[in-house]
4 protein chains.
Amino acid sequence: MQAKKRSIPSLVKDPKLVQKRREQIVEAAVGLFISKGFHKTTTREIAKASGFSIGTLYEYIQSKEDVLYLVCESIHTEVEKKMEQALVESNNGAETLRQAISDFLHVMDEVDDKVLLIYQEIKSLPREPMRYVLQRESRITEIFEEMLQRAINDGSLRLDSHSIRLMAHNIVILGEMWVFRRWALRQRYSLAEYIEMQTNLLFGGLRVEA
Amino acid sequence: MQAKKRSIPSLVKDPKLVQKRREQIVEAAVGLFISKGFHKTTTREIAKASGFSIGTLYEYIQSKEDVLYLVCESIHTEVEKKMEQALVESNNGAETLRQAISDFLHVMDEVDDKVLLIYQEIKSLPREPMRYVLQRESRITEIFEEMLQRAINDGSLRLDSHSIRLMAHNIVILGEMWVFRRWALRQRYSLAEYIEMQTNLLFGGLRVEA
Amino acid sequence: MQAKKRSIPSLVKDPKLVQKRREQIVEAAVGLFISKGFHKTTTREIAKASGFSIGTLYEYIQSKEDVLYLVCESIHTEVEKKMEQALVESNNGAETLRQAISDFLHVMDEVDDKVLLIYQEIKSLPREPMRYVLQRESRITEIFEEMLQRAINDGSLRLDSHSIRLMAHNIVILGEMWVFRRWALRQRYSLAEYIEMQTNLLFGGLRVEA
Amino acid sequence: MQAKKRSIPSLVKDPKLVQKRREQIVEAAVGLFISKGFHKTTTREIAKASGFSIGTLYEYIQSKEDVLYLVCESIHTEVEKKMEQALVESNNGAETLRQAISDFLHVMDEVDDKVLLIYQEIKSLPREPMRYVLQRESRITEIFEEMLQRAINDGSLRLDSHSIRLMAHNIVILGEMWVFRRWALRQRYSLAEYIEMQTNLLFGGLRVEA
DNA sequence: AATGAATGAGCGTTCATTCAT
DNA sequence: TATGAATGAACGCTCATTCAT
C-alpha cells in the first residue's frame with residue numbers, strides 16, 4: 001500500500017512558474033513554521049513573506065495544509081540531497097557505514113529545526129499526505145538497512161539478519177535524538193563527541209561482566 | 001534555574017472539587033488532543049466531553065493552554081507512578097537496570113499516544129510551563145543515570161563515567177523510538193522482541209570483526 | 001408626570017439589614033464605577049468589594065442596574081445633605097444666594113468624581129429609574145430658583161421673572177462646569193478664584209461699551 | 001505635550017476606499033452609539049448597519065474602540081466645519097462674538113445627541129486617543145478666547161485679561177448646557193429665547209442693587 | 001497571472017444571573 | 001440568610017478562502 005506523491009493542483013499552467021513560486025512559498029513558510037508553528041502562522045503571513053499577495057498564494061496551492069506538505073517534502077529532499085553528497089564508498093562496508101552515520105548526524109545537525117518541524121506538525125497533514133511524508137522518512141532508514149546488509153555481506157560486520165531493520169532504526173534515531181534532545185545533549189557534548197561516543201557504543205556495546 | 005510547578009488559579013475555592021473537576025477536564029482533553037490535536041480541539045468540545053458547560057470549564061482554568069499544561073502534568077504523573085510501581089531491586093545493578101528498561105518500555109507502550117501528544121504540542125505551551133514540562137521529562141533520564149551509576153558501583157557494569165548521561169538518554173530514547181516509530185516498528189517486532197533485542201544491543205553491542 | 005422613587009425589591013425581609021447591606025454595596029460600587037466605569041465593573045467585583053458573596057449581593061438587588069440606581073440615589077442624598085448643612089440665612093436674599101453658590105461649588109468640588117459618574121452612566125439606567133434620577137437632579141435647580149425668588153422679593157436682586165429658571169440652571173451649571181472641565185480649569189484657577197470670578201460675572205456681567 | 005491625531009491602521013491599502021468605508025462605519029455607529037450607548041452596541045451591529053460583514057469591518061479598524069475614536073473625530077470635524085461656515089466678521093469684535101455665540105448654539109442644537117455621546121463615552125477611549133479628543137474639544141474654547149481678545153483689543157468689550165479664558169469656557173458651557181439639560185430647558189425656552197437671554201446675561205449681567 | 005477586498009463560520013473568553021445547599 | 005458552583009448567551013475578534021477586477 002504505497003502512498004503516492006501527491007501533486008498539488010495549481011491554477012497556473014506554466015510548470016516552471018509553478019515551481020518557482022512554490023519554492024518561494026516553501027522558503028518563506030519554513031521559517032515561519034519553525035518560529036511560530038503551523039497553526040499560528042497565517043496564510044497572509046506566508047503570502048507576504050513569499051513576496052506576493054494572498055490571492056496569488058492561492059493560485060499555487062489549494063489550502064494551507066498544502067503549504068505544510070510542500071514544506072515537508074522540501075525538507076526531505078534537502079536531507080536526501082545532502083546525504084547523497086556526503087556518502088562515499090570506503091574500504092569496507094563497516095567503514096562506509098561508520099562514515100555514513102557521521103555524515104547523517106552532521107546533516108541532522110544542520111537541519112535540526114526542520115526535522116523538529118516535521119515531527120511536530122505532521123499530524124496536521126491530511127491522511128494521505130501524512131502517509132506519504134512518513135514513507136519518505138522510511139527511505140532514510142532503508143538506506144542504512146542496505147548499508148548494514150552490505151557490511152554484513154562483505155564480512156566487515158556481524159549482525160543477525162532479523163536485527164538489521166532494528167539497527168537501521170537505531171541509527172536514524174541517533175539523529176533524531178540529537179535533534180529532539182538538543183536542549184539536554186548540547187549542554188554536555190559537542191557534535192563530534194556525540195558522534196564518536198554513539199558510534200563506539202553502536203559498534204562496541206556495553207560490556208557486562210561475566 | 002529551576003522552573004517551578006505552576007499552580008493554575010481557579011475561581012472555585014473548594015480544593016477537593018477543583019481537583020475532581022480538573023481530573024474530568026484532563027480525562028476529556030487527553031482523548032481530544034490525541035485524536036484532533038490541541039489546536040483543532042475547541043474549548044467547547046473540552047467542556048462538553050468533561051460533562052459541563054463552557055462557563056464551568058473556565059471556573060477551573062484561565063485559558064485553553066492551561067488545559068494542555070494540566071494534561072502534560074497528568075501524563076508525567078501517570079508515567080512516574082507506573083514506573084514507581086514497576087521498579088524493583090534485583091540481584092545486582094545490571095539486572096535491576098535490565099528490568100527497569102523493560103518496565104520503562106512497557107509503560108511507554110501503554111501511554112504511547114500520550115507521550116506523542118506531549119512531544120507534538122509542548123511548543124504550544126507558554127514559556128515557563130514549557131520549561132517545567134521539559135524539566136519533568138529530564139527526571140526520567142536522571143533515574144536511569146542513577147541506575148547506571150549503581151550498576152557501575154557494584155561492579156556489575158563497566159562504563160566510563162563520561163558516557164553515563166549519554167547512555168541514560170539512549171535508554172529513554174529507546175522508549176520514545178517505540179512510540180515515535182511505532183508505525184514502522186510494530187509491523188515487524190512485538191514489544192517483547194523489541195525489548196529483548198534492544199537490551200542485547202545495549203549490553204552487547206555490535207561486534208566488529210578484528 | 002412624577003417619576004417615583006423606585007423601591008428595589010429584596011429577598012431579605014429585615015429592613016434594617018437591607019439598608020445596611022445596601023450601604024455596603026453602594027460604598028463598594030461607587031469607587032469601582034468611578035475608576036472603571038459601570039460596564040467594566042463586574043457584579044463579582046461589587047460583591048467582593050462589598051464584603052460578601054455574589055449570591056448575597058443578589059439577595060439585595062435584582063440586577064446590576066439596581067446597583068447603579070442605588071449609587072446615583074446615594075450620591076444625590078449626599079449632595080443634598082451637604083448642601084443643607086452649608087446653607088445659612090444671611091442679611092438679605094442676594095447675600096444668602098451668593099453664599100449658597102459658594103457652598104454649592106465647594107460641595108461639587110468635594111464630590112466631583114461622583115457627579116461625573118452620574119452624568120456618564122445615567123443612560124445605562126432603565127427608563128423609569130433614569131427619569132427619577134434626573135428629577136432629583138432638578139431639585140437642586142429648584143433650590144436656587146427659590147433663593148432667586150426670595151432675593152427678588154426682598155429687593156436685594158433685580159431679575160425678570162422669566163429668567164429665574166434659566167439663572168438657576170446657570171448656577172447649577174457653574175458647578176457642573178467645574179466638574180466636567182476640571183482638566184482645563186484647575187490648571188488655571190483655584191476653586192476660590194473660580195468662585196469669586198464666576199460670582200462676579202453672575203452679579204456684574206460684562207460691560208459693553210455704550 | 002501634544003496628543004497627536006492617531007491614524008488608525010487598516011488592512012486595506014486603497015486610501016480612498018478606506019475613507020469611504022470609514023465614513024459608512026461612522027455613519028452607522030453614531031446612530032447606534034447614541035441610541036444604545038457604546039458598550040451595548042455590538043461590533044456585528046455596527047458591521048450590519050454599515051452594510052458589510054463583521055470581517056470587512058475589521059479590515060478597516062483594529063478594535064471596537066477605534067470606531068468610537070472615529071466617531072468622536074467625525075463629530076468634532078462636523079462641528080468645526082459648521083462653525084467655520086457660520087462665522088462671519090461683523091462691525092466690531094463684540095458684535096462678531098455675539099453672532100458667533102448664536103451660531104455656536106445653533107450648531108450645538110443640531111448636533112446635540114452627538115455632543116452628548118462624546119461626553120458620555122469618552123472615558124471608554126484608551127488613554128492617548130482620549131487625550132486627543134479632549135484636546136480637540138479645547139480648540140473650540142480657544143476660538144472664543146481669540147474672539148474675546150479681539151473684542152477687547154478693538155475696544156468693543158471690557159474684560160480683565162485673567163478672565164478671558166474663564167469667559168471662553170462659560171460660552172462653551174452655554175452650548176453644553178443646552179445639550180445636557182435639554183430635558184429641562186426645552187420645556188421652557190425655545191432655542192432663540194435661550195440664545196437671547198443667555199447673551200444678555202453674558203453681556204449685561206445681573207444688576208445688584210446698590 | 002496577479003490582486004486584495006470581502007466574507008462569515010468559528011474561535012476563546014466573559015459575566016450577569018440562578019439555585020441547590 | 002448566605003453561599004458559590006454552574007450556566008450559556010453573547011461578546012470581540014481572527015483568518016482561511018473566494019472571486020470580481
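In this text, all values refer to a predicted model and were calculated from it rather than measured experimentally. Order of the sequence lines sets the chain letters (A, B, ...), proteins ahead of strands, with each chain counted from 1.
Residues satisfying the side-chain hydrogen bond (donor to acceptor under 3.5 Å, both in side chains) criterion with A/Lys64, sequence neighbours excluded, are absent altogether. Take A/Arg44 and apply the side-chain hydrogen bond (donor to acceptor under 3.5 Å, both in side chains) test, not counting sequence neighbours, and it matches D/Glu59. For the salt bridge (Lys or Arg N to Asp or Glu O under 4.0 Å) test, residues two or more places apart in sequence or in another chain that qualify with C/Asp113 are C/Arg182. When the side-chain contact (heavy atoms from CB on, under 4.5 Å) test is applied to B/Ser63, the partners found at least two apart in sequence or on another chain are B/Glu65, B/Asp66. Among residues two or more places apart in sequence or in another chain, the ring-ring contact (aromatic ring centres under 6.0 Å, His included) test is passed with A/Phe38 by A/Phe33. In this structure A/Lys36 satisfies the side-chain hydrogen bond (donor to acceptor under 3.5 Å, both in side chains) test together with A/Glu45, sequence neighbours excluded. The salt bridge (Lys or Arg N to Asp or Glu O under 4.0 Å) check on B/Lys48 picks up nothing, with sequence neighbours excluded.
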If you write DNA chain E from 5' to 3' in dot-bracket form, with Watson-Crick or G-U pairs under 3.5 Å, [ ] for crossing pairs and | for pairs with another strand, what do you get?
.||||||||||||||||||||
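For the pair C/Asp14 CG and F/dT1 P, the interatomic distance rounds to 7 Å; values are reported in whole Å. Distance C/Lys16 NZ to F/dT1 C1': 18 Å, rounded to the nearest Å.
In this structure, the side chain of C/Thr41 engages the main chain of C/Gly37 through a donor-acceptor pair within 3.5 Å.
For the contact set between residues 55-73 of chain B and DNA chain F, defined by any heavy atom under 4.0 Å, the members are B/Gly55, B/Thr56, B/Glu59, B/Tyr60. Listed by residue number, A/Thr41, A/Thr42, A/Thr43, A/Arg44, A/Ile54 are the residues of residues 24-54 of chain A with a heavy-atom contact under 4.0 Å to DNA chain F.
Between chain A and DNA chain E, the heavy-atom contact criterion of under 4.0 Å yields a 5' to 3' nucleotide range of E/dA1 to E/dA6.
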Salt bridge (Lys or Arg N to Asp or Glu O under 4.0 Å) between C/Glu121 and D/Lys123, intermediate numbers included:
CA-CA 11 Å; C/Glu121 306 294 5; D/Lys123 69 165 189 318; 3.4 Å; yes
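Defined by atom type and a distance below 3.5 Å, a donor-acceptor pair is missing between the side-chain atoms of C/Ser74 and C/Thr77.
D/Phe52 CZ to D/Ile25 CD1: the interatomic distance, rounded to the nearest 0.5 Å, is 4.5 Å.
The salt bridge (charged side-chain N to carboxylate O under 4.0 Å, His left out) pairs that include a residue from residues 19-31 of chain B number zero, where partners must be two or more places apart or lie in different chains.
Residues B/Val18 and B/Val12 approach most closely at CG2-O, 3.4 Å, considering heavy atoms.
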